Amino acid sequence: MDAALARMLGFSRTKAAELAAAGKVRLDGTAVGKSERVTGGAWLEVEMPAPPVPVRLVAEPVAGMEIVHDDDDLVVVAKPVGVAAHPSPGWTGPTVIGGLAAAGYRISTSGAAERQGIVHRLDVGTSGLMVVAKSERAYSRLKQQFRDRTVDKRYHALVQGHPDPLSGTIDAPIGRHPQHDYKWAVTAAGKPAVTHYDLVEAFRAASLLDIKLETGRTHQIRVHMAAHRHPCVGDLTYGADPTLARRLRLGRQWLHAVRLGFEHPADGRWAEYRSGYPDDLRHALDTVRADSA
């Protein structure tokens with residue numbers, strides 16, 4: 001099926017397989033997978049995705065976005081919750097590069113038009129450190145470090161319950177959720193994903209973890225912790241307890257990028273930056289700590 005679609009419609013076998021996996025390919029009226037045999041005379045239906053809607057950069061100030069470091073090659077920001085890294089179809093809210101543009105920052109022209117300078121991302125609902133390339137050499141060298149997995153990305157996550165073991169590694173592939181387009185899941189057909197975690201502090205109903213990522217899959221920490229029955233507190237998308245979230249007055253997942261380290265693209269020296277917890281996460285943490293006293 002995937003080979004036939006690729007030949008007839010002119011796109012890759014990978015794209016054909018993705019359409020089949022999403023139930024968008026039917027043979028004589030029945031949804032089929034990529035490996036289905038195709039014979040002459042069969043009736044083939046393919047539901048094609050809508051063409052992408054062009055997005056444009058809107059330069060607007062971002063309230064609460066802190067400039068942690070700025071030099072000729074890069075800028076490190078502490079991204080607030082509710083802010084996307086860059087414009088995308090369907091997103092009309094603030095973005096990191098829109099905020100930088102409004103503040104007069106010159107960003108690298110490398111990358112797609114709507115995400116120039118962006119070498120990695122954080123979820124809209126996740127706060128913390130991001131680095132944005134200002135020079136072309138910074139974009140190239142930072143992207144290579146992310147590909148080589150030499151960037152030290154550290155997060156703190158408050159998760160429900162107590163992981164067993166209290167420190168460990170989750171090595172499980174992540175791909176699109178089979179039923180929900182907006183979610184991701186641990187699936188054999190996904191891409192490799194590796195998450196290391198260590199206990200920082202244990203409470204009666206939750207655990208504060210220090211998390212290091214080897215890979216950078218979408219929603220990786222949230223998916224891995226939920227798959228191990230310890231979702232991030234407040235992460236209702238991945239099964240967190242809504243009652244606990246309401247009691248902690250938490251409107252998003254308790255997840256913050258606390259530390260970011262990499263070789264500076266100008267001279268190769270190791271550069272490391274840190275970010276404290278924002279007020280909503282600190283309040284929730286203080287509450288669960290007081291409940292455990």
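Everything numeric here is computed off the predicted structure, so don't read it as measured data. The figures that follow rest on heavy atoms only: side chains count, while hydrogens, waters and symmetry mates do not.
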On a heavy-atom basis, the closest approach of Met130 and Ala85 is CE-CB, 3.8 Å
Under a 4.0 Å threshold between the charged nitrogen and the carboxylate oxygen, would Arg154 count as salt-bridged to Asp198? no
Taking every heavy atom of Gly161 against every heavy atom of Ser207, the minimum-distance pair comes out as O-OG, 2.7 Å
Answer yes if Leu122 and Ile97 sit in the same cluster of Ile, Leu, Val, Met, Phe, Trp and Tyr residues linked by side chain heavy atoms under 4.5 Å apart, and no otherwise.
-> yes
Here the pair of heavy atoms bringing Val68 nearest to Arg274 is CG1-O, 4.3 Å
*Answer yes or no: is there an ion pair linking Asp71 with Lys134, defined by an N-O contact shorter than 4.0 Å?*
no
Salt bridge or not for Arg249 and Asp280, using N-O below 4.0 Å? no
For this session: Check whether any side-chain N or O of His180 sits under 3.5 Å from a backbone N or O of Tyr182 as a donor-acceptor pair, and report yes or no.
Result: no
Look at atom CZ of Arg121 and say whether more than 12 heavy atoms of other residues, nucleotides or ligands are closer to it than 6.0 Å. no
Are Phe146 and Tyr273 connected in the hydrophobic side-chain network, where two residues link if heavy atoms are under 4.5 Å apart?
yes
One should read off an interatomic distance between Phe203 CZ and Gln160 CD, to the nearest 0.5 angstrom, of 14.0 Å
On a heavy-atom basis, the closest approach of Ala20 and Gly33 is CB-C, 3.8 Å
Would you say the side-chain atoms of His162 and Asp164 include a donor-acceptor pair closer than 3.5 Å? no
For the pair Asp286 and Arg289, find out whether any cationic side-chain nitrogen is under 4.0 Å from an anionic carboxylate oxygen.
yes
Asp73 and His264: side chain donor to acceptor below 3.5 Å:
no
Review point. Under a 4.5 Å side-chain heavy-atom rule over Ile, Leu, Val, Met, Phe, Trp and Tyr, are Val288 and Leu281 clustered together?
Key: yes
**OP:** For the residue pair His224 and Tyr197, confirm or rule out a side-chain donor-acceptor distance under 3.5 Å.
**Re:** no
_Within the structure provided, determine whether Trp184 and His177 are in side-chain contact (heavy-atom separation under 4.5 Å)._
no
| query | When you check the side-chain N and O atoms of His86 and Thr95, is any donor under 3.5 Å from an acceptor? | reply | no
Checking Val131, Leu129, Val132 against His120 for side-chain contact (heavy atoms from CB on, under 4.5 Å), the one that qualifies is Val131
Tested for side chain to side chain donor-acceptor pair (under 3.5 Å) against Ser110, the lone hit among Gln116, Arg115, Arg137, Glu136 is Glu136
>> Does either side chain, that of Arg141 or that of Gln144, offer a donor lying less than 3.5 Å from an acceptor on the other one?
In response: no
Original post:
Regarding Arg252 and Thr126, is there a side-chain donor-to-acceptor distance under 3.5 Å anywhere?
Top reply: no
- With side-chain contact (heavy atoms from CB on, under 4.5 Å) as the test, would you mind laying out the steps for Lys79 and Met65 before giving the verdict? CA-CA 5 Å; Lys79 183 186 83 67; Met65 187 169 76; 5.5 Å; no
Looking only at the aromatic ring of each residue, does the gap between the centers of Trp254 and Tyr155 stay below 6.0 angstrom? no
**Q.** Check against side-chain contact (heavy atoms from CB on, under 4.5 Å), Glu214 and Thr195
**A.** CA-CA 6 Å; Glu214 271 193 34; Thr195 301; over 6 Å; no
**Test: Lys34 and Asp2 ion pair at under 4.0 Å** = no
In Leu74, Thr150, Asp152, Val119, the residue satisfying side-chain contact (heavy atoms from CB on, under 4.5 Å) with Phe262 is Leu74
Should Val200 and Leu209 be regarded as members of a common hydrophobic cluster, given that ILVMFWY residues are connected when their side-chain heavy atoms come within less than 4.5 Å of each other, either directly or indirectly?
no
Review point. Is there a path from Val83 to Leu260 through hydrophobic residues (I, L, V, M, F, W, Y) whose side chains come within less than 4.5 Å of each other?
Key: no
Under 4.0 Å between a side-chain nitrogen and a carboxylate oxygen: does that hold for Glu263 and Arg269? no
### Query
Does a salt bridge link Arg222 with Asp235, judged by any charged N lying under 4.0 Å from a carboxylate O?
yes
